[in-house]
There are 4 protein chains.
Amino acid sequence: MGLTEIRTAIKVDLKRPADQQSLLHNRWHPDVPFAAKVKDGEIVKIECVDWTGGQIGNNDSADDMKNIDLTKIHYLSGPFEVENAEPGDVLLVEIQDVQPFQEQPWGFTGVFDKNNGGGFLDEIYPEAAKAIWDFEGIFCSSRHLPHIRFPGLIHPGIMGCAPSPEILAEWNRREAELISTTKLERIVAQPPQPKNVHAGSASDEIKEKVGKEGARTIPGRPEHGGNCDIKNLSRGSKTFLPVHVPGAKFSVGDLHFSQGDGEISFCGAIEMAGVITLKLSVMKNGMKDLDMKSPLFLPGPVEPHYGPSRYLTFEGFSVDEKGVQHYLDATVAYRQATLRCIEYLRRYGYSDYQVYLMLSCAPIQGHVGGLVDIPNACMTLGLPMDIFDFDISPIGGTPKKLDMGSCAVVSK
Amino acid sequence: MGLTEIRTAIKVDLKRPADQQSLLHNRWHPDVPFAAKVKDGEIVKIECVDWTGGQIGNNDSADDMKNIDLTKIHYLSGPFEVENAEPGDVLLVEIQDVQPFQEQPWGFTGVFDKNNGGGFLDEIYPEAAKAIWDFEGIFCSSRHLPHIRFPGLIHPGIMGCAPSPEILAEWNRREAELISTTKLERIVAQPPQPKNVHAGSASDEIKEKVGKEGARTIPGRPEHGGNCDIKNLSRGSKTFLPVHVPGAKFSVGDLHFSQGDGEISFCGAIEMAGVITLKLSVMKNGMKDLDMKSPLFLPGPVEPHYGPSRYLTFEGFSVDEKGVQHYLDATVAYRQATLRCIEYLRRYGYSDYQVYLMLSCAPIQGHVGGLVDIPNACMTLGLPMDIFDFDISPIGGTPKKLDMGSCAVVSK
Amino acid sequence: MGLTEIRTAIKVDLKRPADQQSLLHNRWHPDVPFAAKVKDGEIVKIECVDWTGGQIGNNDSADDMKNIDLTKIHYLSGPFEVENAEPGDVLLVEIQDVQPFQEQPWGFTGVFDKNNGGGFLDEIYPEAAKAIWDFEGIFCSSRHLPHIRFPGLIHPGIMGCAPSPEILAEWNRREAELISTTKLERIVAQPPQPKNVHAGSASDEIKEKVGKEGARTIPGRPEHGGNCDIKNLSRGSKTFLPVHVPGAKFSVGDLHFSQGDGEISFCGAIEMAGVITLKLSVMKNGMKDLDMKSPLFLPGPVEPHYGPSRYLTFEGFSVDEKGVQHYLDATVAYRQATLRCIEYLRRYGYSDYQVYLMLSCAPIQGHVGGLVDIPNACMTLGLPMDIFDFDISPIGGTPKKLDMGSCAVVSK
Amino acid sequence: MGLTEIRTAIKVDLKRPADQQSLLHNRWHPDVPFAAKVKDGEIVKIECVDWTGGQIGNNDSADDMKNIDLTKIHYLSGPFEVENAEPGDVLLVEIQDVQPFQEQPWGFTGVFDKNNGGGFLDEIYPEAAKAIWDFEGIFCSSRHLPHIRFPGLIHPGIMGCAPSPEILAEWNRREAELISTTKLERIVAQPPQPKNVHAGSASDEIKEKVGKEGARTIPGRPEHGGNCDIKNLSRGSKTFLPVHVPGAKFSVGDLHFSQGDGEISFCGAIEMAGVITLKLSVMKNGMKDLDMKSPLFLPGPVEPHYGPSRYLTFEGFSVDEKGVQHYLDATVAYRQATLRCIEYLRRYGYSDYQVYLMLSCAPIQGHVGGLVDIPNACMTLGLPMDIFDFDISPIGGTPKKLDMGSCAVVSK
């Protein structure tokens with residue numbers, strides 16, 4: 001009578017390679033076979049590996065970060081067959097809980113090498129770096145980032161339903177177009193990649209198809225959400241996801257103990273393995289009823305909150321670090337705001353890479369200021385002062401520098 | 001003994017044209033003469049006209065919005081000579097209060113015509129439109145936007161100190177470069193504009209110089225802040241501004257009763273005339289001490305707050321409405337988020353222009369989601385459900401449409 | 001077209017004695033004549049004197065506090081005739097704004113002499129004391145309480161509709177009973193007091209009746225609210241008041257710039273004169289529909305907020321300072337919590353009377369902990385650390401004492 | 001390298017009777033032997049049984065609640081020997097996490113029979129009743145209280161260090177005095193009770209002594225905290241506890257998934273078994289340094305928050321339900337506020353006992369209003385409207401009643 005134990009719908013084995021586990025996959029494709037089934041309205045637990053499938057170790061070297069194999073990521077748990085779900089429906093995902101595994105109470109934040117992954121500031125900070133975080137209940141701290149401690153707003157970086165063949169084709173079309181027309185001298189998108197494809201329990205034939213056509217999990221995409229990296233999709237949130245294939249084929253993964261707005265270092269959240277507890281419900285014909293083209297959501301009521309006056313806030317404008325004026329470019333503006341924060345925190349003894357790592361994973365608020373005052377976009381970055389165990393307020397005179405140690409760096 | 005009345009350092013006359021009032025100006029230039037003087041640490045009241053200098057009327061036609069003369073804006077109060085302030089210092093601006101004039105308890109939000117000002121969504125919504133807001137204490141409502149009511153987070157859109165000649169030259173250089181190199185078929189920046197220049201009490205000679213060289217007040221700029229349109233610079237906030245000229249030459253204006261993140265319709269906040277109460281203090285050598293290149297600030301402790309779970313949140317990605325994939329473009333992504341919200345609110349009977357106006361001025365939260373998952377930037381737009389007097393939650397089935405009247409439109 | 005100016009329904013004259021102004025009154029009685037009229041749904045401004053009618057001066061002596069004439073208080077503005085309101089209805093009061101008069105930007109907090117008014121801690125602190133507060137926009141600070149500064153949660157201490165004759169009789173019955181049966185050696189209630197009665201524009205005959213029967217305004221009472229001193233009845237709040245007489249006879253007064261939970265020193269809020277902007281609407285038959293015996297309310301969305309972890313919180317139990325065990329007495333428990341806070345803040349140099357004054361008016365949170373664990377009630381007092389300009393956290397070793405000056409005291 | 005797993009310092013066995021487990025105890029006494037040891041600054045997990053030691057079942061009858069044996073409660077985990085802790089020190093307890101056992105995801109809220117335990121409203125609601133709650137991640141819901149669902153603010157009801165012999169003697173003296181002098185016709189305190197005493201691993205001799213002298217765990221007490229039932233002592237909180245015996249002898253228990261301010265039904269929180277993760281640190285000579293007579297604490301930054309305007313708030317005054325006027329009695333006033341809420345929620349179909357149960361455990365805010373306006377204390381009770389899945393706002397006309405089923409009641 002009443003609830004006894006919540007069913008674990010997918011289990012993972014942290015000691016076995018992720019690509020040998022048939023309930024995981026690492027590409028978006030309608031033909032990835034169902035890994036498990038849930039009833040409409042059921043609450044289940046789902047275990048997840050970390051997004052890299054265990055490539056990063058709890059140690060003091062960033063060599064693993066430098067040499068990461070990005071063709072493997074992200075390993076997702078699923079896809080789930082959701083009873084009653086059909087194309088045109090909306091899948092309501094209520095996150096009841098997310099937690100690290102009890103026996104693995106740590107996670108990592110990384111900066112990739114500019115030539116293998118890169119990140120938001122890779123033009124300025126091209127080296128790989130890493131910080132390991134210890135989880136002490138709902139709090140975390142890092143030996144690589146002294147004097148910082150905060151509670152996690154734990155969330156999955158990725159949730160989404162599989163694309164239909166038509167949507168998948170559109171993804172591949174438009175991303176290929178970007179690749180072929182870009183004038184940037186960098187990788188601008190990741191086309192399908194047969195190498196290291198993992199299609200769950202698929203036959204070799206299906207697996208080959210998934211490898212050729214399947215969308216990479218790296219970007220989020222408007223039609224289904226996916227890797228949107230929204231830190232507020234945490235405990236208590238309700239997300240409304242479009243359904244494109246029968247049974248929904250819902251997948252989840254890329255658990256983050258914490259993330260800052262923008263996840264700027266790319267491997268920027270505190271990446272972890274763990275368990276997510278979800279309630280999945282179907283809203284029939286929801287896409288039409290809600291006129292829905294992209295997911296929408298309601299955050300949960302239990303986010304950490306510090307009071308608005310406790311956010312030291314930096315402004316960024318769309319003039320880049322070389323003095324070039326960009327036109328209403330919010331991305332450039334937000335990059336400038338992050339640089340302003342790095343410059344500011346030097347006064348306490350942190351290295352630039354330490355702050356880059358911290359900004360990626362601490363609960364910073366990245367807000368739009370003005371986006372219409374030509375030619376300058378203005379973005380703000382709010383840094384919660386209460387995550388530091390010393391006073392970082394600009395009021396009160398020159399501080400003395402503290403011993404800040406070092407983040408993990410690559411071996412030379 | 002004790003405080004009696006706070007001095008009003010600048011008074012304006014709402015019945016006289018703004019360009020005939022010598023304590024106002026509408027260009028950034030180091031040679032605009034001081035309009036008033038304040039002591040280091042003094043609290044003063046400063047009266048401000050609305051940013052257009054009274055071009056918009058409290059009526060039901062958007063013709064004034066369509067025909068606005070943008071060479072006149074923004075009319076700022078100042079510049080102030082701040083005792084002790086010298087280049088390299090930081091001016092700490094503490095906003096003690098901001099209020100509309102008691103005898104003019106109304107303001108306006110506008111959409112400009114695409115060919116005269118434009119805005120964030122002008123490709124889709126090219127017509128001019130307008131909403132008039134009534135101020136009822138700290139709340140506002142509009143006959144042009146039924147069923148919506150919220151408290152203002154009243155703030156100045158513009159605060160800043162005058163540029164030095166060198167900084168002004170740099171502004172003109174880089175913005176001219178953008179104008180000369182852009183491939184966009186639209187106005188991308190506003191170069192100096194002698195027409196309708198207002199240089200306060202300047203001599204004709206100085207005025208001519210200001211007209212030729214003076215920076216337009218439209219964009220915010222990293223070196224001094226200016227028109228950053230950050231809604232959180234409200235009562236209780238502390239802003240740290242770089243000082244570039246002796247006496248600081250601090251100016252303020254563009255008061256907003258409320259604004260949404262992005263101020264997307266350009267004339268997007270609830271624009272008003274009113275009084276701001278400020279405390280101005282000098283932090284000697286602050287720029288070097290804080291390693292400051294752009295302003296930073298601490299918001300105040302009294303922002304309206306609704307609880308995180310009361311924000312209906314829309315996701316936008318950097319794929320535009322024509323299906324074109326952009327590379328990590330947060331501006332495109334935020335535009336998509338605003339479109340998702342417009343599409344959603346149609347189900348209750350609002351017109352697209354009504355929602356466009358509402359999103360510009362209601363306290364919506366525009367957040368960075370992910371900015372590194374190539375090629376898609378993800379941005380979110382959080383709409384506080386509690387500003388509506390009916391339930392806009394996606395849960396609960398198809399709603400019946402309400403009579404939403406109309407916003408003010410242009411005459412045909 | 002649209003809102004021009006909000007009507008001021010009652011004006012006061014700060015230079016004339018309160019008892020000579022016919023739109024004020026200082027007793028609750030159904031026969032006090034209407035002072036003004038409002039329409040159902042109208043928004044009006046109402047001017048109010050301070051609760052003492054100007055007995056306290058902006059100076060550094062507490063002699064006026066010691067010698068205050070309590071037969072005169074509180075001077076309320078009203079009563080209002082509300083169109084359509086009849087017994088059994090509910091009057092919905094929406095507070096749109098509350099502000100001090102521009103020309104009187106100061107207020108006072110007082111401790112009464114134990115023998116003339118007393119207060120929550122008068123057994124321990126029997127002397128009169130006073131602090132004068134300067135209003136700087138939405139913030140206040142006091143020369144008598146250095147290093148403290150906070151924004152006001154401005155509110156009226158008193159709102160209510162006149163009692164019916166039956167309700168008034170019941171009040172007089174039960175309070176007389178308490179007076180006649182109490183074993184406490186102190187004044188436990190204030191019966192009707194003809195001395196200094198002010199019944200607005202009443203005839204002499206009515207005035208005499210009001211003096212003989214009229215309820216003192218000092219306590220709040222369940223049937224109508226009145227002097228409930230709830231700090232959250234501030235801007236944006238909606239209060240639902242029972243209506244007992246035709247036209248409602250709504251009165252308001254006792255404006256507070258700020259108050260702590262409990263208003264412990266009795267003259268404990270920051271008392272001020274000012275203007276309140278209200279919307280008054282009638283809910284027909286609301287008392288029955290809501291099964292309402294006492295007012296209920298919804299606070300507004302713009303309270304100052306500091307983040308829960310910024311409240312240093314003291315515990316109090318129902319064992320008094322003499323070691324006597326009381327049975328589940330929340331009043332004793334809260335008194336103990338206030339004493340714990342006074343003891344704690346001594347370490348920074350504040351005098352006990354200074355803290356007593358501060359606790360009365362700063363936005364402290366007084367919460368119920370446990371009220372059932374016999375014999376001890378547990379109450380908590382949360383002190384927002386951010387109102388101090390130095391760090392009061394218990395972590396970090398012994399602080400050095402600061403020069404805290406003195407509050408205003410009585411002359412010897 | 002780095003954190004691997006957090007040590008579990010005390011394990012319990014939910015299948016074995018609590019009084020047979022040597023790491024538990026149910027009286028406060030300095031002679032209860034140490035159950036475990038922790039280092040200064042160590043983080044440990046501690047398992048706890050529910051406060052009754054398993055007397056209440058997951059079923060639909062309240063008979064177990066009616067017949068509960070209160071001589072057994074509360075079973076606490078400990079006491080702990082904390083390295084370095086000596087009398088006069090302060091023990092800093094940082095709660096890192098609290099969770100139910102994964103295999104027992106449910107808890108209970110009960111109303112005791114008036115003659116066996118009673119509660120805050122037992123004069124009016126004398127029967128026993130019960131609600132079982134299912135834990136779905138951080139949320140809970142109850143088949144006995146339909147249409148209600150909320151996240152838990154999970155916390156221990158009890159934390160404290162053992163009393164010294166002198167303090168214990170004082171407790172016994174003053175509580176005996178209350179018992180001998182009270183004129184109330186009810187049990188006002190619980191003297192030492194040899195029956196069912198559990199003194200951990202104590203010898204028979206010590207156990208007998210503990211039975212004769214040991215303080216009941218029911219009330220919190222000012223000298224050490226204990227059963228203070230403060231809902232905010234949750235994850236992220238820091239509590240400062242006085243140390244009275246060598247090694248501190250710290251104990252913890254009475255875990256609550258959620259509790260309302262006051263825990264009004266006595267068995268009022270959602271009682272559960274589970275695991276608490278704590279960091280224990282010693283502040284040498286902290287009692288003198290902080291002038292500490294009672295515990296103080298800082299809440300954590302992750303409390304559920306709903307926005308102030310989402311709290312429907314009831315007022316209570318110190319006039320009891322029989323019309324008797326009490327003198328500034330906050331307990332009476334809070335009881336009235338709870339009755340107002342019960343009366344209000346009847347309109348939706350809830351029974352009085354259902355609301356009584358709900359008020360005991362949902363995150364309601366019990367605040368002090370005014371405590372000085374003789375003779376009426378005013379207390380408020382804020383009910384978060386967002387825990388209901390329908391609209392309980394007083395605005396919007398008479399609602400239709402819902403099918404609310406029933407709470408568990410006693411068999412007749």
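From a predicted model like this one, the values you see are computed outputs, not experimental measurements. These numbers come from the heavy atoms of this one structure, side chains and all, not from hydrogens, waters or symmetry mates. By convention in this document, chain letters (A, B, ...) are assigned in the order of the sequence lines, proteins followed by strands, and residues within each chain are numbered from 1.
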Q.
Give me the atom names and distance for the closest heavy-atom approach of D:Arg221 to C:Phe317.
A. N-CE2, 3.7 Å

Q: For each of D:Ser294, D:Gly323, D:Gly262, D:Ala189, tally heavy-atom pairs with chain C at distances under 4.5 Å, and name the one with the top tally.
A: D:Gly262

Q.
Which atoms of C:Phe240 are under 4.5 Å from chain D, going by heavy atoms: the side chain, the backbone, both sets, or neither?
A. side chain

**Q.** Closest non-hydrogen atom pair between C:Leu298 and D:Ser309, with its separation
**A.** CD2-O, 3.9 Å

**Q.** Residue, of D:Pro301, D:Gly119, D:Pro394, that accumulates the most heavy atom pairs under 4.5 Å with chain C
**A.** D:Pro394

Q | C:Lys288, NZ: over 12 other non-hydrogen atoms inside 6.0 angstrom | A | no

Please list every donor-acceptor pair under 3.5 Å in which a side-chain atom of residues 228-236 of chain D meets a protein atom from a residue at least two apart or in another chain.
{"residue": "D:Lys231", "atom": "NZ", "partner": "D:Asp261", "partner atom": "OD1", "Å": "2.9"}
{"residue": "D:Lys231", "atom": "NZ", "partner": "D:Asp261", "partner atom": "OD2", "Å": "3.3"}
{"residue": "D:Lys231", "atom": "NZ", "partner": "D:Gln365", "partner atom": "OE1", "Å": "3.0"}
{"residue": "D:Asn232", "atom": "ND2", "partner": "D:Glu303", "partner atom": "OE1", "Å": "3.3"}
{"residue": "D:Asn232", "atom": "ND2", "partner": "D:Glu303", "partner atom": "OE2", "Å": "2.9"}
{"residue": "D:Ser234", "atom": "OG", "partner": "D:Ile154", "partner atom": "O", "Å": "2.5"}
{"residue": "D:Arg235", "atom": "NH1", "partner": "D:Asp97", "partner atom": "OD1", "Å": "3.0"}

Q) With chain D, which of C:Gly307, C:Pro295, C:Gly286 has the greatest number of heavy-atom pairs at distances under 4.5 Å? A) C:Pro295

Q: State the CD-NE2 distance between C:Glu315 and D:His224, to the nearest 0.5 angstrom.
A: 10.0 Å

(Q) If the contact rule is any heavy atom under 4.5 Å from chain D, which residues of residues 333-341 of chain C qualify, in numerical order? (A) C:Tyr334, C:Arg340

Q. So which of D:Ile218, D:Val188, D:Thr217 has the largest heavy-atom pair count under 4.5 angstrom toward chain C?
A. D:Val188

For residues 370-385 of chain C, which side-chain donor-acceptor pairs fall under 3.5 Å, sequence neighbours excluded?
{"residue": "C:Asp373", "atom": "OD1", "partner": "D:Asn227", "partner atom": "ND2", "Å": "3.2"}
{"residue": "C:Asp373", "atom": "OD2", "partner": "D:Asn227", "partner atom": "ND2", "Å": "3.4"}
{"residue": "C:Asn376", "atom": "OD1", "partner": "C:Ser318", "partner atom": "N", "Å": "3.4"}
{"residue": "C:Asn376", "atom": "OD1", "partner": "C:Ser318", "partner atom": "OG", "Å": "3.2"}
{"residue": "C:Asn376", "atom": "OD1", "partner": "C:Gln325", "partner atom": "NE2", "Å": "3.0"}
{"residue": "C:Asn376", "atom": "ND2", "partner": "D:Gly220", "partner atom": "O", "Å": "2.7"}

Q: Could you have a look at C:Gly268, C:Ala330, C:Pro222 and say which one has the most heavy-atom pairs with chain D under 4.5 angstrom?
A: C:Pro222

Q) Looking at D:Leu296 and C:Tyr344, what are the two nearest heavy atoms and their distance? A) CD2-CD1, 3.9 Å

Q. Are D:Asp291 and C:Arg346 ion-paired here, with the side-chain N under 4.0 Å from a carboxylate O?
A. yes

Q) C:Leu184 versus chain D, heavy atoms under 4.5 Å apart: side chain, backbone, both or neither? A) side chain

Q | Choice from C:Gly225, C:Ser393, C:Gly369 maximising heavy atom contacts with chain D below 4.5 Å | A | C:Gly369

Q) Minimum heavy-atom separation for D:Pro299 to C:Thr313, with atom names? A) CD-OG1, 3.7 Å

Q: Not counting sequence neighbours, which residues clear side chain to side chain contact (heavy atoms under 4.5 Å, CB included) with D:Arg173? List them please.
A: D:Glu170, D:Glu177

